[in-house]
Number of protein chains: 2
Amino acid sequence: MFDLANYLPYLINRAGVRVAAKFTQDVKSENVSVQEWRVLAALSAYGPQRMSALADLTSIDRTTLSRLVTRMEEGGLVLRSRAEDDGREVHISLSTKGSATAGHIIPLAQRYEEIALEGFSAEEAAAFKDMLKRVYANFDRL
Amino acid sequence: MFDLANYLPYLINRAGVRVAAKFTQDVKSENVSVQEWRVLAALSAYGPQRMSALADLTSIDRTTLSRLVTRMEEGGLVLRSRAEDDGREVHISLSTKGSATAGHIIPLAQRYEEIALEGFSAEEAAAFKDMLKRVYANFDRL
DNA sequence: TATTGTTATACTCTATAACTATA
DNA sequence: TATAGTTATAGAGTATAACAATA
């Protein structure tokens, strides 16, 4: 047969789906979707980004991100501007409202991390995160 | 700021998205989507299931699953039948074609697990899977 | 010609609610 | 009334390809 209960991609997917589903409900009060939060989080963590970098950081498809950013721009969460040195590039940055919204959500996000890691020692948590990074890196070339 | 690079939900999401994206390309030759594979895998691992159980096993929304199963039924991958003892329940099972398709994909899926866990010791891999189960369980009540 | 980003299209997924059939 | 599953609808995501603007 097939040992689904110990199949790694399955375990990753179901954990991710569950966390995202719960988070969706909780950020609804901020009128922000999970994808929008991912953009806000990436810009909060790394500052203004080009579209292609933002797509990598958020794991959001480029064409989806383009329209998502348009909606966020219309909602006043982010600013879009052309690069001065290279007219092809677009720089996305947080607006004041976007920063404030991110500031409201970050504590909630941190509570999610605490819930997820309940019962983990600090060493276990660090090892766990490291393993997730290694899995990601193992697919770098593919 | 916000330490995205060590934020657990982010790490889980990006690993899951990357694995699913690569897998999508690879199963295309079997004319099967990732969601369809999840159904095939669940039925291969646990045998015939009711719709609600299958939704839990695959982390697929019930309404999405209902239409997904319709498409798979039309494609000859699964069989849908009413329960004899309770006319409300529907049992989904693999057809001969569905079993054969799953049989083709399972080796590919196992290669994905090997790629994902490259550089992991057996103990690390086991600990990693256990942690993913604990994270999932930590959101049980929410 | 190559790169960056946007738009078009068709299909799928999600979320909510309403609905049918059965218990 | 409650449960199992389906269907309707609107909004959003995905994949592919085509496109404009810039380099």
Side-chain angles (χ1 to χ4, degrees), chain A residues 13-14 16-29 31-39 48-75 77-93, chain B residues 13-14 16-29 31-39 48-75 77-93:
Chain A
N13 178 254
R14 82 173 183 167
V17 168
R18 178 170 276 193
V19 174
K22 304 289 183 187
F23 192 75
T24 297
Q25 301 173 350
D26 276 358
V27 291
K28 204 174 293 175
S29 56
N31 286 316
V32 166
S33 71
V34 173
Q35 299 273 73
E36 288 171 341
W37 152 246
R38 289 183 179 132
V39 172
Q49 296 292 322
R50 292 173 30 193
M51 287 297 286
S52 54
L54 200 51
D56 285 346
L57 282 172
T58 57
S59 300
I60 297 173
D61 178 85
R62 284 167 164 68
T63 69
T64 302
L65 182 64
S66 186
R67 279 166 301 174
L68 177 61
V69 165
T70 298
R71 288 199 303 275
M72 293 178 75
E73 197 183 10
E74 289 166 359
L77 293 171
V78 299
L79 305 168
R80 210 196 299 234
S81 63
R82 287 278 162 192
E84 293 172 6
D85 52 332
D86 187 331
R88 293 173 301 186
E89 297 180 5
V90 169
H91 289 302
I92 311 300
S93 58
Chain B
N13 179 253
R14 84 175 180 164
V17 168
R18 177 171 276 194
V19 174
K22 304 289 182 187
F23 193 75
T24 297
Q25 301 173 349
D26 276 358
V27 292
K28 204 174 293 176
S29 57
N31 287 316
V32 165
S33 71
V34 174
Q35 299 273 72
E36 288 172 340
W37 151 247
R38 288 182 179 133
V39 172
Q49 296 292 322
R50 292 172 30 193
M51 287 298 286
S52 54
L54 200 50
D56 285 346
L57 282 172
T58 57
S59 300
I60 297 172
D61 178 85
R62 284 167 164 69
T63 69
T64 301
L65 182 64
S66 185
R67 279 166 300 174
L68 177 61
V69 165
T70 299
R71 289 199 301 275
M72 294 179 74
E73 196 183 9
E74 289 166 357
L77 292 171
V78 299
L79 305 169
R80 208 195 301 234
S81 64
R82 286 279 162 194
E84 294 172 5
D85 53 331
D86 187 331
R88 293 173 301 185
E89 296 180 4
V90 168
H91 289 301
I92 312 300
S93 57

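Throughout, a chain's letter reflects where its sequence line sits, starting with A, and its residues are numbered from 1. Keep in mind it's a predicted model, so treat the numbers as computed, not measured.
Only one option out of B:Leu57, B:Val90, B:Ile92 pairs with B:Gln49 in a side chain to side chain contact (heavy atoms under 4.5 Å, CB included); it is B:Leu57.
Comparing B:Ala53 and A:Glu36, the nucleotide of DNA chain D nearest to each residue sits closer to the 5' end for B:Ala53. Toward the 5′ end of DNA chain C lies the nearest nucleotide of A:His91, the other residue of the pair A:Ala21 and A:His91 mapping further downstream. Residues B:Gly87 and B:Ser59 both approach DNA chain C. Their nearest nucleotides, taken by heavy-atom distance, put B:Ser59 toward the 5′ side. Sequence order on DNA chain D of the closest nucleotides to B:Val69 and A:Ile60 puts B:Val69 first from the 5' end.
Note on B:Thr63: a base of the nucleic acid sits closer than 4.0 angstrom, heavy atoms only. A:Arg82 comes within 4.0 angstrom of no nucleic acid atom, judged by non-hydrogen atoms across all strands.
OP1 or OP2 of D:dA12 has not a single side-chain nitrogen or oxygen of A:Gln35 nearer than 4.0 Å. Contact annotation: B:Arg62 side-chain N/O to C:dA17 OP1/OP2 distance is not under 4.0 Å. Of the side-chain N and O atoms in A:Lys28, none sit less than 4.0 angstrom from OP1 or OP2 of C:dT14. Residue A:Ser66 has a polar side-chain atom (N or O) positioned under 4.0 Å from OP1 or OP2 of C:dT6. Not one side-chain nitrogen or oxygen of A:Arg38 sits closer than 4.0 Å to the OP1 or OP2 atom of D:dG13. Between A:Ser52 and the phosphate of C:dT4, there is no side-chain N or O to OP1/OP2 separation shorter than 4.0 Å. In this model, the phosphate group of C:dC11 is not approached by any side-chain N or O of B:Arg67 to a distance below 4.0 Å at OP1 or OP2.
Atom-to-atom, CD of A:Gln25 to C1' of C:dT16 comes out at 12 Å; the value is rounded to the nearest Å. One atom, CZ of B:Arg88, and another, P of C:dT22, lie 11 Å apart when rounded to the nearest Å. Going from atom CZ of B:Arg71 over to atom C1' of D:dT6 covers 14 Å, rounded to whole Å. One interatomic measurement links the two molecules: CG of A:Leu68 to P of D:dA12, which rounds to 9 Å at whole-angstrom precision.
Of the listed nucleotides (C:dT14, C:dT4, C:dA23), C:dA23 has the atom at the smallest distance from the side chain of B:Asp86. In this structure, the nucleotide among C:dT4, C:dA23, D:dA15 sitting nearest to the side chain of A:Arg50 is C:dT4. Closest to the A:Met51 side chain, of the nucleotides C:dT7, C:dA15, C:dT6, is C:dT6.
In this structure, B:Val39 and B:Leu65 have side chains that are in contact, with non-hydrogen atoms separated by less than 4.5 Å. Using a 4.5 Å heavy-atom cutoff, the side chains of B:Arg62 and B:Asp56 are in contact. Two residues are said to be in side-chain contact when any heavy atoms from C-beta on lie closer than 4.5 Å; B:Val17 and B:Arg14 fail this criterion.
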Trace of the side-chain contact (heavy atoms from CB on, under 4.5 Å) decision for A:His91 with A:Arg80: CA-CA 6 Å; A:His91 289 302; A:Arg80 210 196 299 234; over 6 Å; no
